[in-house]
Amino acid sequence: MTQGSVSVTLDPTSQPITYAKAHLEDLGRTHFIGIGGAGMSVLAEMMLEQGVDVSGSDREESVRTNHLAKLGAHIYYGQRAENVRGAKTVVWSSAIKPDNPEIQEAVKEGKYLVHRSDILALLLASHRSVTVAGAHGKTTTSAMIAQILETAGSGNLVDPSYAIGGSVRTSRGVIDGGHAGHGDVMIAEADESDGSFEKYHPYIAVITNVEADHLDHYQTKDAFQQAFVQYAHHAVGHVVACADDPGALAVLRSLDDSEKRRAVAYTTQDPTQLPDLGAVRIVRIGHESVSAKGEQVASEESPDAVNFPEHFTLTFPASLIPEYETQAEPTFSVPVELRVPGIHNARNAAAAITTCLLLGMRPADAVRGIREFYGAARRFEIKGVVGGVTLIDDYAHHPTEIAALLDAARRRYPQAKLRVVFQPHLFSRTHFFASRFAQALHKADDVIVTGIYPAREKQEDWPDVTERTIPDAADQQGIGGGWISAEPDMAKAAQDIAARACPGDVIFTVGAGSITTMDDAILAALRDRFGVADAAGADTEANGAA
């Protein structure tokens, strides 16, 4: 600790705000450390929309900081003590360390120091709130709920507020992940990474899965599981959880009888094959299929040419909707079409539609609304087609997410060779799941693993974890070989994958870090190689990212 510094303990699970009594205006000027981050920028935008004086700092200028500046935020580049001196409240995230100069100054001046989850909890407390938790699927499911309500909501479901950790692609183009609406519903991702999601007391708590992650914080799988149990207990209305996931199923089974009567499970399984869940109501996903017709695109001449590659039915218990309770049949079914492929997205959609029904929406309206969902940004997002090679960008950064991505790709492009440039996210995650990453990536035909995106971590704390860790794990399992290699230079990896691609192949840039910045370079390399025009404009429009 440097001379003149003060001892600070930053605990994201502490609760300095009494959410039922506090108001946004009580916070005064609110300063966000790292305001350009995905989670922080969304909250800052929502507070700006509600008239709060907002400032923030970040290491460098970005699209998010520029956007916030246009909305009226005071943005500082570089983190210095003087940045917080005009603020009453200082907001930190789990990426911020106690020796940060703005944290130090906030403590010395007696500022109101709160974690980002406290701001989110305060916003949620003033709404009929929906929070979505899970190791995977949070952003997509949250975005689906928001899109359904925005597109097809009525009454107090119109114009919801939402705090989503990513942009959303719609027929109107890309919309930001944060919005302060005038309706009474608010949707938010419940980030489990640091345990702070247990602060929320939502009307509906959604659990997409409970697969161990963030073991740098939780240490054990049991502790991770227990955090989700507590999260579910805090729901004041309903719990909606995926019964296909063993961890989420265990959470449902942990509920008491009164909680089970308010819970809904969604599943691809025959309900009779599930363990006894008592009074939990079951939503069945059936007749699921993925079309391989992924290349048609919309145009002004043919606006309906876009395919809905994912098809399935949802069968609901009639008791889920008051107007159906008196019908003769105990269940009712609706067909669903999605623009985003994969059984994992069918599950996400089941969670989203079920949640909207519990909020009071009619099934036909919810299904109509989700047809307008083009995907969250960086989720199976087609960036372009050059010389017959398709480039897709995806945020997958956990082994299960990568496996789901490649399974969906294999079904949508059954004849294609799948090539992947994967940038691991976090040294700790790479360390804990190296073998599982190798197994998931083995679903592709050609993989280059690049240098690790550190986020909040430091290489010196994980000296043995490098871009070779996953290929080495593949070798140790006997599945290594020419299909997987390591290249620490992300730019060179991008050039190498483009050089190896042939017409009909599909290239994926995969990871939660900066790998997406390589998409333009890959497209440019493909154009140079094949000497053809880039079809990205049309294909991107087809995915709602125009």
Side-chain angles (χ1 to χ4, degrees), residues 132 134 136-149 151-152 169 206-209 240-245 248-249 264-274 280-294 296 304 306-318 320-321 324 329-358 361-376 379-380 400-401 403-414 542-544:
V132 182
H136 348 288
K138 290 189 293 294
T139 297
T140 296
T141 304
S142 301
M144 283 177 169
I145 298 168
Q147 177 63 23
I148 292 170
L149 295 180
T151 303
R169 294 178 286 142
V206 180
I207 301 175
T208 59
N209 48 73
V240 176
C242 180
D244 288 348
D245 176 74
L249 186 63
V264 182
Y266 55 96
T267 180
T268 60
Q269 303 176 60
D270 182 336
T272 63
Q273 301 303 308
L274 293 173
V280 174
R281 291 171 287 183
I282 308 296
V283 174
R284 174 79 185 278
I285 304 167
H287 306 293
E288 186 270 340
S289 64
V290 175
S291 167
K293 300 175 182 178
Q296 283 181 282
D304 297 323
V306 177
N307 283 298
F308 292 88
E310 183 68 41
H311 302 262
F312 56 97
T313 60
L314 289 179
T315 300
F316 298 95
L320 200 65
I321 305 298
Y324 286 84
E329 297 296 326
T331 62
F332 65 95
S333 298
V334 294
V336 183
E337 296 176 316
L338 288 182
R339 299 175 189 265
V340 288
I343 184 62
H344 61 297
N345 278 318
R347 292 189 180 101
N348 293 336
I353 292 172
T354 299
T355 296
C356 290
L357 267 56
L358 292 170
M361 181 172 276
R362 293 171 55 87
D365 291 335
V367 170
R368 174 170 57 87
I370 208 163
R371 285 172 62 93
E372 293 303 308
F373 178 73
Y374 287 75
R379 273 69 176 182
F380 214 99
T400 300
E401 295 170 345
L405 167 67
L406 294 175
D407 283 342
R410 192 66 75 184
R411 295 173 73 190
R412 185 169 181 181
Y413 303 101
N543 282 271

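Small disclaimer: the values here were computed from a predicted structure and weren't measured.
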Could you tell me the separation between the [atom1] atom of [X] and the [atom2] atom of [Y], rounded to the nearest 0.5 Å?
X	Y	atom1	atom2	result
Ile343	Thr268	CD1	OG1	5.5 Å
Ile353	Met361	CD1	CE	10.5 Å
Thr331	Ile282	OG1	CD1	12.5 Å
Asp244	Asn209	CG	CG	11.0 Å
His136	Leu405	NE2	CG	12.5 Å
Asp407	His344	CG	NE2	9.0 Å

Main-chain N/O of [Y] paired to [X] side chain as donor or acceptor, under 3.5 Å:
X	Y	value
Arg339	Arg371	yes
Glu310	Gly342	yes
Thr208	Lys138	no
Arg284	Gln269	yes

| message | Taking the side chain as everything from C-beta on, heavy atoms only, tell me whether Pro363 gets closer than 4.5 Å to Leu357. | response | yes
| task | Under the side chain to side chain contact (heavy atoms under 4.5 Å, CB included) rule, what do Phe312 and Leu314 come out as? Steps first, then yes or no, please. | result | CA-CA 7 Å; Phe312 56 97; Leu314 289 179; 3.8 Å; yes
Shortest non-hydrogen contact between [X] and [Y], atoms and distance:
X	Y	result
Ala351	Thr141	CB-CG2, 4.0 Å
Gln147	Gly369	CG-O, 4.1 Å
Ala265	Ala243	CB-CB, 4.0 Å
Ala143	Phe373	CB-CE1, 3.6 Å
Ser289	Arg411	CA-NH2, 3.9 Å

| request: Take Val340 and Phe380 through the side chain to side chain contact (heavy atoms under 4.5 Å, CB included) test and state the conclusion after the steps. | output: CA-CA 7 Å; Val340 288; Phe380 214 99; 5.6 Å; no
| field | Cys356 vs Ile145, side chain to side chain contact (heavy atoms under 4.5 Å, CB included): CA-CA, chis, key distance, verdict | value | CA-CA 7 Å; Cys356 290; Ile145 298 168; 4.1 Å; yes
| said: Val240 vs Tyr266, test: side chain to side chain contact (heavy atoms under 4.5 Å, CB included). Steps then yes/no. | reply: CA-CA 8 Å; Val240 176; Tyr266 55 96; 3.9 Å; yes
| Between Asp365 and Arg368, is there a side-chain N and carboxylate O pair less than 4.0 Å apart? | yes
